[in-house]
Amino acid sequence: MSSDLHQVTAVITGASSGIGAATAEALAARGATVVLLARREGRVSELQERINERGQGRVLAHGLDVTDSAAVTAVFERIAHDTGGIDMLVNCAGIGSWAPALEADLADWHAMVETNVTGVLTTTHAALPHLAAAADGRRGIADIVTISSVGGRKVTGPNSNVYAATKHAVNAFTEALRQDFTRRHIRAGLIEPGIVTTEMTTSGERYAPDARNASEYGALAPEDVADAVVYMVSRPRHAAINEIMLRPTEQTV
Ligand SMILES: NC(=O)C1=CN([C@@H]2O[C@H](COP(=O)(O)OP(=O)(O)OC[C@H]3O[C@@H](n4cnc5c(N)ncnc54)[C@H](OP(=O)(O)O)[C@@H]3O)[C@@H](O)[C@H]2O)C=CC1
Ligand SMILES: O=CCS(=O)(=O)O
């Protein structure tokens, strides 16, 4: 097993905060070239500077909305041109709204589907030709890691409605990709966290499993999830970790 990710280029969506930012830092610490993508360009630029100051690998950053398919195509072409190829895609960009269905705003439902499902399909579609080329190349392996949720495997409680539906959708898509690409050596894996302390769980109204919020739990830290990503992508070529579910020890559902 080699956990050395030198000469690997990893593209991370949702890298401006939370799990995506922690994952970018963890992959950079292993020597990967990391490409940080999110809408808040200032935030990804700040993270780029912080990683650069530590002298850990090469870091690129671009402002990108994953719901803008033309922009996604253009940015992925530019990344491949600038880095020489893409070995890994980490689909982390996501949003959540938790409201009883009767009170929910339809625009929030559509936004979750556009970001959490269509966004993942769009970035994956843009990355696949580059991942296939990487898998055919020197390293012989490429990875797609999608940050799903416990909510992608089961409905974790009331008001999960459309959020859980989006995560179930990406779980099905990822398993289908896994089956399609076994012989091409593109691994498609899912990370399914329970509650993690991030902007998503600490700002605004949010459903929390067991009717408690992140501060009442010994919630996971973004770094706990980043560890799982690093474990998944640093397996040897013959071994694919298909799914990792991780919860706070205290999370019941
Ligand atoms: N926190 C938790 O308890 C759990 C979170 N998850 C999943 O983890 C992922 C990351 O969330 P988390 O770190 O918690 O929350 P954060 O809110 O901290 O991070 C969400 C990230 O997604 C980005 N993002 C949102 N919409 C878009 C968009 N349209 N285009 C590009 N980037 C976008 C945000 O950047 P910006 O606003 O700059 O675009 C941000 O970087 C999500 O998919 C979430 O569903 C899964 C299980 C548990
Ligand atoms: O994505 C959120 C994690 S949980 O609330 O479904 O456990």
Side-chain angles (χ1 to χ4, degrees), residues 11-25 35-47 61-69 71-72 75 90-98 108 110-123 126 145-171 174 190-204 206-215 217-226 228-229 244-253:
V11 178
I12 302 125
T13 72
S16 62
S17 63
I19 295 167
T23 298
E25 297 203 57
V35 185
L36 317 175
L37 303 177
R39 291 168 302 180
R40 288 172 291 176
E41 209 166 345
R43 291 280 289 265
V44 285
S45 297
E46 283 166 25
L47 179 57
H62 297 283
L64 180 70
D65 184 335
V66 296
T67 69
D68 180 344
S69 59
V72 169
V75 164
V90 182
N91 282 312
C92 189
I95 56 173
S97 318
W98 287 265
D108 289 339
H110 285 169
M112 280 190 279
V113 172
E114 280 298 304
T115 307
N116 301 0
V117 184
T118 311
V120 168
L121 307 187
T122 306
T123 53
V145 179
T146 295
I147 310 300
S148 176
S149 166
V150 175
R153 287 282 299 278
K154 57 182 277 197
V155 176
T156 52
N159 306 339
S160 305
N161 45 60
V162 175
Y163 181 79
T166 64
K167 295 302 186 179
H168 275 69
V170 294
N171 276 25
T174 302
L190 286 164
I191 307 282
E192 297 159 326
I195 194 161
V196 186
T197 304
T198 66
E199 290 178 16
M200 179 182 274
T201 52
T202 55
S203 58
R206 186 197 179 273
Y207 154 79
D210 301 351
R212 290 187 288 168
N213 63 38
S215 60
Y217 265 85
L220 296 172
E223 291 73 20
D224 295 319
V225 184
V229 177
I244 298 178
M245 184 183 288
L246 66 161
R247 291 182 176 90
T249 306
E250 288 187 35
Q251 183 169 328
T252 311
V253 293

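Here the structure is a predicted model, which is why all the values come from computation and not from measurement. All ligand and atom numbering here is 1-based and tracks the order in the structure.
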Does any N/O atom on I19 come nearer than 3.5 Å to any N/O atom on ligand 1? yes
Hey, which atoms in ligand 1 end up nearer than 4.0 Å to a heavy atom of I195? 3 (O)
Within-shell test, S148 vs ligand 1, heavy atom, strictly < 4.0 Å: yes
Okay, side chain of N91, backbone of T13: is any donor-acceptor separation there less than 3.5 Å? no
V66 versus ligand 1: do any nitrogen or oxygen atoms come within less than 3.5 Å of each other? yes
If I compare all heavy atoms of T197 with all of T201, which pair ends up nearest, and what's the gap? CA-OG1, 3.6 Å
Nearest heavy atom to atom 1 (N) of ligand 1 wins, so pick from I12, T198, D68. T198
Compare G194, P222, G94 and give the one whose heavy atom is closest to atom 22 (O) of ligand 1. G94
Should the proximity of T201 to ligand 1, defined as any heavy atom under 4.0 Å, be assigned to the side chain, the backbone, both, or neither? side chain
Shortest non-hydrogen contact from A15 toward A38: N-CB, 4.1 Å
Short question: side chain of T118, backbone of T115 - any donor-acceptor pair under 3.5 Å? no
For ligand 1, is there an N or O atom under 3.5 Å from any N or O atom of S149? no
Using a strict 4.0 Å cut-off to heavy atoms of Q251, name the atoms of ligand 2 that fall inside it. 7 (O)
How does E192 reach ligand 1, if at all, at less than 4.0 Å between non-hydrogen atoms: by side chain, backbone, both, or neither? neither
Of the backbone atoms (N, CA, C, O) and the side-chain heavy atoms from C-beta on, which set of K167 has a member under 4.0 Å from an atom of ligand 2: side chain, backbone, both, or neither? neither
I want to know if ligand 1 touches P193 in the polar sense, i.e. an N/O pair below 3.5 angstrom. no
Do side-chain atoms of H168 reach the backbone of G151 as a donor and acceptor pair under 3.5 angstrom? yes
In terms of atom number and element, which parts of ligand 1 are under 4.0 angstrom from non-hydrogen atoms of L64? 30 (N), 31 (C)
Once you restrict to heavy atoms under 4.0 Å, what part of P193 touches ligand 2? Side chain, backbone, both or neither. backbone
Provide the number and element of each atom of ligand 2 under 4.0 Å from a heavy atom of G151. 6 (O)
Do ligand 1 and I95 have nitrogen or oxygen atoms that lie under 3.5 Å from each other? no
So is Y163 polar-close to ligand 2, meaning N/O to N/O under 3.5 Å? yes
So is C92 close enough to ligand 1, meaning a heavy atom under 4.0 angstrom away? yes
Give a yes or no on whether the backbone of V155 and the side-chain of K167 come within a donor-acceptor separation of less than 3.5 Å. no
Atoms of ligand 1 under 4.0 Å from any heavy atom of S17, numbered from 1 in the order shown, are 16 (P), 18 (O), 19 (O), 40 (C), 41 (O)
S17 versus T198: any side-chain heavy-atom pair under 4.5 Å? no
Is there a polar contact, in the sense of an N or O pair closer than 3.5 Å, between G20 and ligand 1? no
Please tell me if the side chains of V253 and K154 come closer than 4.5 Å, counting only heavy atoms from C-beta onward. yes
Heavy-atom pair of closest approach, residues N159 and W98: O-CD1, 3.3 Å
List the residues meeting salt bridge (Lys or Arg N to Asp or Glu O under 4.0 Å) with E192, not counting sequence neighbours, and say none if there are none. R153
Over all atoms of both residues, closest heavy-atom pair of P222 and V196: N-CG1, 3.6 Å
Evaluate D65 for polar contact with ligand 1, using N/O atom pairs at a separation under 3.5 Å. yes
What atoms of ligand 2 come closer than 4.0 angstrom to any heavy atom of G194? 3 (C), 7 (O)
Regarding ligand 1, does T67 bring an N or O atom to under 3.5 Å of one of the ligand's N or O atoms? no
Distance under 4.0 Å to a non-hydrogen atom of E199: what atoms of ligand 1 satisfy this? 17 (O), 18 (O)
Side chain to side chain, I191 and L246, heavy atoms closer than 4.5 Å: yes
Where ligand 1 meets G18 - atom numbers and elements under 4.0 angstrom, heavy-atom basis: 13 (O), 18 (O)
For V44 and A61, work out which heavy atoms get closest and say how close. O-CB, 3.8 Å
Heavy-atom check, side chain of I147 versus side chain of P193, under 4.5 Å: yes
When you measure from the side chain of D108 to the backbone N and O of S97, does any donor-acceptor pair fall under 3.5 Å? no
Taking the non-hydrogen atoms of T13, is any one of them nearer than 4.0 angstrom to ligand 1? no
Within the structure, is a non-hydrogen atom of E114 found at a distance of less than 4.0 Å from ligand 1? no
What closest approach, in Å, do R247 and V150 show between heavy atoms, and which atom pair accounts for it? NH2-CG1, 3.7 Å
